[in-house]
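This report concerns only the one structure given below.
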Amino acid sequence: MCRVCYLEVDTSYGSYRCSTSDCNYIAHARCATDKAIWDGTIMLEGYDERSEVVVDEPWNLITDVVEQIRIGELMVASEIKHSHHDHNLRLTFSGKTKDDDSQCDGCTRPISTPFYSCEQCKFFLHKDCAELPKQMPHPFHKHLLALSNSHDMFGYSCCNACGRWYQGFSYRCYEGNCSFEIDIQCILLLDTLKHPSHEHSLFLVHNNEGTSCSVCFETLGYVAYRCMKRCDFNLDVHCATLPLTAWYKYDRHPLTLTHFDDFEPYQYYYDLCEKERERNRWFYYCVDCDNSLHLNYAIGDLPYVKFGNEIKSFHKHPLTIVKNIWNCPSCKVCREVCNGQALECKKSECNFMVHSGCRWGL
């Protein structure tokens, strides 16, 4: 099976194979030379790939070890210097942070052990995020990608794979005029995906012109996942990276991402906003309380940004990303209550707040 289009390869014709003896990777000649897959580089005769530096070697780590401790037979870095932070970071194996809402500055997800933290400022990194390599290849892109912590003039970036705005770390392409960037959530995806929403394995496809996602019904981006079992099921990267479990402040139970719809017609409404829910569209559901929530209510409009960070917008002052729970002021654009994620001006004389999605209305 061709690992690009996932159709059968007739080996009586020309094809490309991996030269490593224990690898069965194969691709049609036309697929392997597609511009979305191949950057045009030609290996010279006699090229030996073993002479290349492997991207997971120690030189490729972004951290310097300051102090180590022994745990059993393993030596673990208890204090490190990370290239994307000014101060040393110390490792925590158990317990919580002083702020239960702390987020990792690498992936922006809630912090969990083990993690590294800065004793001088509120900077946290999951141990896995701290150990991300400087460079790595990825099936979403044809060039080698480099770890980055830079963003645009507004203080955030847009992932080219899932289309979400994000802060934190990313992998970027610096090859020529290429501006590809991908966030940490998407860099963990592989060329095959087993998702609980579908019975068959899904495969990465680069050419998706004129095709829409079977979940959100939006037009697919340049990369997406597709079932090759004649199911006509497509999943864009945005939907593929939705967390399977979420928490909401008004529900003490975890909410589960629901992919099926066997509910009674009178239940086709979201419990919080009371808006009608389109049949077969994904939502988050609490089995214990029989509550259904819209995706944005459960994970927020900006799930991959860090609360407390400032961004620039069309307002005259920088806006701070906040999470409102009680006594929420109204949005200056839509005039509805900013209950949840919002952007707030911290200038005392300003009293300005706007939904993240409404900021373009400024």
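- With a 4.5 Å cut-off on side-chain heavy atoms, Cys345 and Lys316 do not count as touching.
- The ring of Phe123 has its center no closer than 6.0 angstrom to the ring center of His87.
- We find the CG-CG distance between Asn234 and Leu220 to be 5.5 Å, quoted to the nearest 0.5 Å.
- No donor-acceptor distance shorter than 3.5 angstrom exists from the side chain of Thr320 to the backbone of Pro318, with no hydrogens or angles considered.
- Between the side chain of Glu218 and the main chain of Cys213, no donor-acceptor pair closer than 3.5 Å is present.
- In this structure, Phe169 and His82 have parallel ring planes: the angle between them is below the 30° cut-off, well short of the 60° mark.
- Between the side chain of Asp105 and the backbone N or O of Phe124, at least one donor-acceptor pair lies under 3.5 Å.
- Formation of a donor-acceptor pair under 3.5 Å by the Arg164 side chain with backbone atoms of His238 is found in this model.
- In this structure a side-chain-to-backbone donor-acceptor pair under 3.5 Å is present from Gln103 to Thr108.
- Between the side chain of Glu181 and the backbone N or O of Asn160, no donor-acceptor pair lies under 3.5 Å.
- Between the side chain of His126 and the backbone N or O of Ser112, at least one donor-acceptor pair lies under 3.5 Å.
- By the 30° and 60° cut-offs, the orientation of the rings of Phe180 relative to Tyr222 is perpendicular.
- Between the His28 side chain and the Arg30 main chain, no donor and acceptor come within less than 3.5 Å of each other.
- Heavy-atom contacts from other residues, nucleotides or ligands closer than 6.0 Å to OH of Tyr16 number 12 or fewer.
- Remark: the backbone N or O of Glu79 is not paired with any side-chain donor or acceptor of Glu67 at under 3.5 angstrom.
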Test Leu235 against His198 for side-chain contact (heavy atoms from CB on, under 4.5 Å), laying out the working first.
CA-CA 10 Å; Leu235 189 65; His198 193 67; over 6 Å; no
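- Within a 6.0 Å sphere centred on NZ of Lys81, other residues, nucleotides and ligands contribute more than 12 heavy atoms.
- The pair Asp191-Arg3 counts as a salt bridge, with a side-chain nitrogen and a carboxylate oxygen less than 4.0 angstrom apart.
- Note that CG of Asn149 and CZ of Arg172 are 9.0 Å apart. Values are rounded to the nearest 0.5 Å.
- For Asp232, the CG atom counts as loosely surrounded, since its 6.0 Å shell holds 12 or fewer non-hydrogen atoms of other residues, nucleotides or ligands.
- No donor-acceptor pair under 3.5 Å is formed between the side chain of Lys332 and the backbone N or O of His355.
- Ring geometry for Trp165 versus Tyr156: interplanar angle over 60°, hence perpendicular rather than tilted (30 to 60°).
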